[in-house]
Amino acid sequence: MVKRQWQCGDVMVVNGKAWPYLDVDRGVYRFRLISSSQLNDYRLALSNGEPFWVIGSDGGLLDAPVMVGELDIAPAERYDILIDFSRTEPGTAIDLVNTMQISIAGQANGAMAIRDVMRFVVGESQAPVRTVPHTLRRSATAVPGTPQSVRTATLSVNANTENPTFLGVLGMSLNNMRFDQSDFDMPVQGTTEQWDFVNADATFQVHSMHVHLVQFKVLGRQDFDKVRYLAENPPPLLGTRWTPSADEYTTNSPEPPAPYESGWKDTVRCPPNQITRILVRWPTADELGFDPDAEFTGPDGAAAQGYVWHCHLTDHEDNEMMQRLRVVSAEGAAPSSVTHGAGGHHH
Ligand SMILES: [Cu+2]
């Protein structure tokens, strides 16, 4: 667990300890990482320049270990990694470091980057596991299929005229909507959709988008011209749905996801000035063994339905960067506002 204290802190905390060290034997170790940082994303590497292996992501094991020199991890993303200390000289100290500059908001305390995460100190003994496996699954992960529709979702930080306090003037929204609006997305059970997360945020913040109920595939990312996009599609006041496609404003070719992002994910890094595309298959009640659209009683005692999708930066999700979502049955589906076909990005 990697965490920084407060929004703009400058102390790296791992499992509750500031800059801890761990004694390791000479062998291969599995670490289960979750970034519980509130704001920053990190690029993790080993100080000795040695590679390590990613073997799992949010939704389980990858098909095979992916050797990396660096691993990007945003708040709430999970990765399982293997580090091989088997050939390391006893007594060697190896640091897990972050090579990513911290976010602009995180630099308010003057820290540009927080390099040190934790330290491994290699001992004399041999650990029981001394090799990295070649495969992790018997069969390759299934792909959800071709999307029947494309939804554009916009990630924005915009002026909140109702809250004049410091930082409160910034409203954070998805699709320019408030959380309690009723015109949220209602995908149909059994359908496959492409969602294009358009990060048009003025603050150059990486958002970490999390969809409840499902595991999805990351299709990739593409740069777009945010200035022209915003000029030609000016967002209305907060509270009016605003989801223009950014496909006409792209400035390079689509980039595939990092190889370690090829497994099942429920949380994805959405860098600024990029479209991050995912492929989601909405499960049916039969597949789940329960009705995902069943009514339940909300904390306020009122009847509610559905799930949420949100940015996992905690002050963003707490500031309305969260939307409701209902996964409706095919029979109960209302005509939707989904953009079909044209302009979409198909693989
Ligand atoms: Cu965010």
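Remember, it's 1-based here, ligands and their atoms both numbered in the order they're listed.
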Of all N, O or S atoms in H316, identify the one at the shortest distance from the Cu ion (ligand 1).
ND1

Any donor-acceptor pair under 3.5 Å linking the side chain of R130 with the backbone of R26?
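Such a contact is found between R130 side chain and R26 backbone.
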
Contact check: C270 to the Cu ion (ligand 1), N/O/S below 2.8 Å
no

Tell me, please, if H207 has any N/O/S atom, main chain or side chain, under 2.8 Å from the Cu ion (ligand 1)?
yes

Are the charged groups of D201 and K226 less than 4.0 angstrom apart, N to O?
no

Under 4.0 Å between a Lys/Arg side-chain N and an Asp/Glu carboxylate O for R178 and E320?
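Salt bridge present between R178 and E320.
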
H316 ring center within less than 6.0 Å of H310 ring center
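No: the rings miss the under 6.0 Å criterion.
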
